[in-house]
Amino acid sequence: MRDTSRLAVAIGVAVATLCGGASALPRVASTTICGDQLVLTLADRAQIASVSQEATGPLSLHADEAAGLPRNRKTAEELLGVGADVVLMDARGEPKLEEMLTRLGIRVIRLNLSSEFADIEETVMHVAEAFGQRARGLAMVADMRRRRAAVAATVPPGPRPRFVYYRPDGGSAGLNTFVDTAMRASGFDNFQADRGQVGWGTLPLEVLVNDPPDGFVVSFFDTSQSSIRRTFMTHAYLHRLMDEKPVIGVPGKLWPCAGPMVVDAAELLASERVRGMPEERP
């Protein structure tokens, strides 16, 4: 599905080229993995002044595109030195860097802690317009909506399987998280959300003994020292439950944060549900 996504974005590029005229586009940079994904998909390569140290790492969906680009260590000197006009930063942290960049005349965009697809679309358009790439942003949003509609069309009526989400550190996701949004969009009920959890947190494994889920969604085990088996091995019942129930592994690069790639995660979840949720051991 990524091929069709790139085609749709390519159409946006063509429109942007025709409409852009001769005006110079701003130089853009990112200090965060979340921002990298937007820089690498919305900006022309010639626009990209710098990306974060994580841009070529295992949590970057567009690591190949980041190869060869300058990378920064979140310092004002570096970002000023590469001529950045617009810098994407996380929603929180590094207030002194933001203050310094603003004083130097560099526009800083803090990326929202989005949980809904509409929030992600709004962020895409805000960033695209700051990059001088409105047409490309519109193409990306249209592509996201088309793919979400295709996912929704695969969801059958009636009861939905209730799956529990885990990371290697025992972290889980409740309401108001993009993990919950992706799970529900692809036809699953979120175990944690149904129990009243809001936001990010932890879920003791013992809870599953008294209230077994229909299956598991696990993520970031592909970029962690911990394996699924090691995480659950100390709980004999849960280890058996993992062997009996479907386990869907979502690569961490599909949702290191809220961004267009969350649609990729929803597509993967939906495809696993349609195929009968085969057991996985990422």
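Phe117 and Leu113 fall into different hydrophobic clusters, where Ile, Leu, Val, Met, Phe, Trp and Tyr are joined by side-chain heavy atoms under 4.5 Å apart, directly or via other members. Taken together through direct or relayed side-chain contacts under 4.5 Å among Ile, Leu, Val, Met, Phe, Trp and Tyr, Phe178 and Leu269 form part of one hydrophobic cluster. Residues Val39 and Met89 are members of separate hydrophobic clusters, defined by side-chain heavy-atom contacts under 4.5 angstrom among Ile, Leu, Val, Met, Phe, Trp and Tyr. Placement of Leu40 and Met125 within a single hydrophobic cluster is found when ILVMFWY residues are connected by side-chain heavy-atom separations under 4.5 Å, directly or transitively. Hydrophobic clustering of Ile, Leu, Val, Met, Phe, Trp and Tyr side chains at less than 4.5 Å, counting indirect connections, unites Leu203 with Phe221.
Glu94 contributes no side-chain N or O that, together with a main-chain N or O of Lys96, makes up a donor-acceptor pair within less than 3.5 Å. Between the side chain of Gln192 and the main chain of Tyr165, a donor-acceptor pair closer than 3.5 Å is present. A donor-acceptor pair is defined here as one N or O able to donate and one able to accept, closer than 3.5 Å; such a pair exists between the side chain of Thr102 and the backbone of Glu98. Looking only at distances, a side-chain donor or acceptor of Asp85 sits under 3.5 Å from a matching main-chain atom of Arg27. With hydrogens and angles ignored, the 3.5 Å screen pairs no side-chain donor or acceptor of Thr56 with any backbone N or O of Ala66. In this structure, the side chain of Asp90 does not engage the main chain of Arg92 through any donor-acceptor pair within 3.5 Å. The main-chain N or O of Arg73 is found under 3.5 Å from a side-chain atom of Glu78 such that the two form a donor-acceptor pair. A donor-acceptor pair is defined here as one N or O able to donate and one able to accept, closer than 3.5 Å; no such pair exists between the side chain of Arg160 and the backbone of Val155. In this structure, Gln37 contributes its side chain and Gly259 its backbone to no donor-acceptor pair below 3.5 Å. Of the possible donor and acceptor atoms, none in the side chain of Asp180 sits under 3.5 Å from a partner among the backbone N and O of Thr177.
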Item to check | Criterion side-chain contact (heavy atoms from CB on, under 4.5 Å) on Phe163 and Arg273, from CA distance to verdict | outcome: CA-CA 11 Å; Phe163 272 45; Arg273 179 183 49 74; over 6 Å; no
Next on the checklist: Please determine whether side-chain contact (heavy atoms from CB on, under 4.5 Å) holds for the pair Asp211 and Arg162, giving the CA-CA distance in whole Å, both sets of side-chain angles, and the decisive distance to 0.1 Å.
Outcome noted: CA-CA 11 Å; Asp211 188 13; Arg162 189 178 62 149; 2.7 Å; yes
Checklist entry - Would Leu61 and Thr41 count as a side-chain contact (heavy atoms from CB on, under 4.5 Å) if you check the C-alpha gap in whole Å, the side-chain angles of each, and the deciding distance to 0.1 Å? => result CA-CA 10 Å; Leu61 185 61; Thr41 51; over 6 Å; no
Next on the checklist: Go through it in stages, so that I can follow the logic: the residues are Val207 and Arg195, the test is side-chain contact (heavy atoms from CB on, under 4.5 Å), and I'd like the CA-CA distance, side-chain angles, deciding distance and then a yes or no.
Outcome noted: CA-CA 11 Å; Val207 172; Arg195 291 181 59 86; 3.4 Å; yes
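Remark: Glu122 CD is loosely packed, at most 12 non-hydrogen atoms of other residues, nucleotides or ligands lying under 6.0 Å away.
Val127 is listed as a side-chain neighbour of Leu111, based on a closest heavy-atom distance under 4.5 Å. For the pair Pro213/Leu241, a side-chain contact is recorded, criterion being any heavy-atom separation below 4.5 Å from C-beta on. Residues Leu208 and Phe191 form a side-chain contact, since some pair of their non-hydrogen atoms from C-beta on lies under 4.5 Å apart. Inter-residue side-chain proximity for Val217 and Phe188 is flagged as unmet; no heavy-atom pair is nearer than 4.5 Å. The side-chain heavy atoms of Trp255 and Phe220, taken from C-beta on, include a pair separated by under 4.5 Å. For the pair Leu25/Asp44, a side-chain contact is recorded, criterion being any heavy-atom separation below 4.5 Å from C-beta on. Using a 4.5 Å heavy-atom cutoff, the side chains of Thr32 and Ser52 are not in contact. Counting only heavy atoms from C-beta outward, the side chains of Val263 and Met140 never approach each other to under 4.5 Å.
Salt-bridge formation is detected for the pair Asp264/Arg147: a Lys NZ or Arg NE/NH1/NH2 atom is positioned less than 4.0 Å from an Asp or Glu carboxylate oxygen. Using a cut-off of 4.0 Å between Lys/Arg side-chain N and Asp/Glu carboxylate O, Asp243 and Arg240 are scored as not salt-bridged. Between Arg184 and Asp189 there is a salt bridge, since a side-chain N of the basic residue sits under 4.0 Å from a carboxylate O of the acidic one.
Looking at every heavy atom in both residues, Lys74 comes nearest to Thr31 through CE-O, 2.9 Å. Closest non-hydrogen pair, Ala76 versus Met100, comes out as CB-CG, 3.5 Å. Nearest approach of Ala266 to Ala182, heavy atoms of both residues: CB-O, 4.1 Å. The heavy-atom pair separating Leu88 from Gly35 by the smallest distance is CD1-O, 3.6 Å. The minimum heavy-atom distance linking Pro26 with Phe131 is given by the pair CD-O, 3.5 Å. Closest approach of Met144 and Pro260 over heavy atoms only: SD-CB, 4.0 Å.
Side chain to side chain, Ser172 and Gln197 meet the donor-acceptor criterion of an N or O pair below 3.5 Å. Inspection of the Ser30 and Asp36 side chains reveals an N or O donor paired with an N or O acceptor under 3.5 Å.
Note that CD of Glu129 is 8.5 Å distant from NE2 of His126, once rounded to the nearest 0.5 Å. With rounding to the nearest 0.5 angstrom, the CG atom of Leu205 is 10.0 Å from the OG1 atom of Thr202. Distance check: Thr181 OG1 to Ile120 CD1 gives 7.5 Å after rounding to the nearest 0.5 Å. Here the CG-NZ distance, from Asp222 to Lys253, works out to 8.0 Å after rounding to the nearest 0.5 Å. A distance of 4.0 Å separates CD of Glu121 from CZ of Arg145, quoted to the nearest 0.5 Å. With values rounded to the nearest 0.5 angstrom, Ile248 atom CD1 is found 7.5 Å from Leu268 atom CG.
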